[in-house]
Amino acid sequence: MLVLSPVAAYSQMSFHELPIGKTEYGIVFSPQTFFTTIGGRIDYGIDNDLKISFNGGIGFADDNYLGTQGGDVTPSPIIGMSILLIKPLGQTGFEYYIQGSSGAKFTSAVDRTTNETLVSSRDLSISVTGGIHKRIQTQSDWAIIPFFALSYTNVWETLNNVQYEYRQTDRDRKHGVTIGLEGEVSPKVSIIGSFTIQALDTIFSIGLNFH
């Protein structure tokens, strides 16, 4: 029996203030222990302190067990949506943010010889993240924004094993801690990197944003 472990969808949006009705774009690369994601994102300004994001990507799984059984995990399509709210934290100079995210990942394992599906998996996730950040203006044109966040994620995985003709759905709850840094290298471009510890998983991601 093969169980494909769920990957929580955590998409860190840029803290750049986005005017109402304007859009910005981002690309992200996130290598994990057994799963690597490459994706893109479009953000839309709903209000001066609120924006919505739509993202999609492709995940590549590394499953050594399946390889020994003559099978391969195909690239996994990933889609998601997030809403980010940013507000000043009193007179401290810090800002707090709340981000709600939902996502879906679809994974299949196929026989290497016949190309028949052995196992398919559908992961649905809902995540809530809260954190603080502070914008620090340097003497150059650069600005850096360190941030810290806590997150809670629910993942529902529906596993369909064609070989053994059974289907099951499992639920997984995970708490996460994230630290990261966004650097605005110009008024139009920023780089953001984050490191998340979630249960026994570690998630590193780096992204490029175009404002």
Side-chain angles (χ1 to χ4, degrees), residues 3-16 24-43 53-65 73-84 86 95-107 121 123-136 142-155 157 172-185 189-211:
V3 177
L4 299 176
S5 59
V7 177
Y10 179 77
S11 176
Q12 178 62 56
M13 298 166 65
S14 170
F15 297 112
H16 180 266
E24 62 185 5
Y25 309 91
I27 54 176
V28 64
F29 172 69
S30 179
Q32 296 172 239
T33 306
F34 299 108
F35 201 82
T36 298
T37 302
I38 301 173
R41 193 188 72 249
I42 299 176
D43 302 339
S53 173
F54 302 93
N55 56 78
I58 296 291
F60 302 91
D62 179 16
D63 195 300
N64 294 327
Y65 171 79
V73 180
T74 60
S76 305
I78 302 170
I79 57 174
M81 182 183 73
S82 299
I83 295 179
L84 179 67
I86 303 175
E95 292 183 311
Y96 73 89
Y97 68 95
I98 300 172
Q99 180 177 346
S101 303
S102 62
K105 175 173 70 73
F106 306 91
T107 306
S121 173
D123 298 345
L124 304 177
S125 67
I126 296 177
S127 176
V128 177
T129 302
I132 59 173
H133 67 271
K134 182 176 177 60
R135 181 185 178 89
I136 302 172
W142 280 52
I144 57 174
I145 307 171
F147 59 92
F148 171 82
L150 301 175
S151 62
Y152 175 74
T153 302
N154 271 295
V155 181
E157 179 187 43
D172 192 13
R173 302 178 181 89
K174 295 183 179 182
H175 295 85
V177 178
T178 299
I179 58 173
L181 183 72
E182 180 173 11
E184 294 184 354
V185 298
V189 178
S190 69
I191 301 172
I192 187 167
S194 65
F195 180 79
T196 301
I197 299 176
Q198 191 176 72
L200 298 178
D201 298 328
T202 58
I203 305 171
F204 171 75
S205 66
I206 185 168
L208 190 62
N209 302 301
F210 303 93
H211 309 304

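Along the sequence shown, residues are numbered consecutively beginning with 1. In what follows, every heavy atom counts, from backbone to side chain, and hydrogens, waters and symmetry copies are set aside.
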Sub-3.5 Å donor-acceptor pair from the side chain of Ser194 to the main-chain atoms of Ile179, do we have one?
-> no
Would you confirm whether Glu182, through its side chain, and Phe15, through its main-chain N or O, come within 3.5 Å as a donor-acceptor pair?
-> yes
Spacing of [X] atom [atom1] and [Y] atom [atom2] [to the nearest 0.5 Å]:
X: Ile83; Y: Gln99; atom1: CD1; atom2: CD; result: 10.0 Å
X: Glu24; Y: Ile42; atom1: CD; atom2: CD1; result: 11.0 Å
X: Ile27; Y: Ile206; atom1: CD1; atom2: CD1; result: 10.0 Å
X: Ile86; Y: Tyr97; atom1: CD1; atom2: OH; result: 9.0 Å
X: Asn55; Y: Ile79; atom1: CG; atom2: CD1; result: 9.0 Å
X: Phe106; Y: Leu124; atom1: CZ; atom2: CG; result: 6.5 Å

Looking at side-chain heavy atoms only, is the closest gap between [X] and [Y] below 4.5 Å?
X: Ser14; Y: Ile192; value: no
X: Val177; Y: Phe148; value: yes
X: Thr153; Y: Gln198; value: yes
X: Trp142; Y: Val185; value: yes
X: Thr36; Y: Phe29; value: yes
X: His175; Y: Leu150; value: no

Closest approach of Pro77 to Ile58 (non-hydrogen atoms, all atoms of both residues) = CA-CD1, 4.0 Å
Which pair of non-hydrogen atoms, one from Asn209 and one from Gly26, has the smallest distance, and what is that distance?
-> OD1-CA, 3.8 Å
Distance-only side-chain donor-acceptor flag, [X] / [Y], under 3.5 Å:
X: Thr129; Y: Ser151; result: no
X: Ser82; Y: Ser53; result: no
X: Thr196; Y: Thr178; result: yes

In terms of side-chain geometry, is the basic nitrogen of Arg135 or Glu95 positioned less than 4.0 Å from the acidic oxygen of its partner?
-> no
Sole candidate of Thr37, Asp123, Thr107 that passes side chain to side chain donor-acceptor pair (under 3.5 Å) when paired with Ser76 = Thr107
Start with the C-alpha gap between Phe210 and Val189, add the side-chain angles, then the distance that decides, and say whether side-chain contact (heavy atoms from CB on, under 4.5 Å) holds.
-> CA-CA 5 Å; Phe210 303 93; Val189 178; 4.1 Å; yes
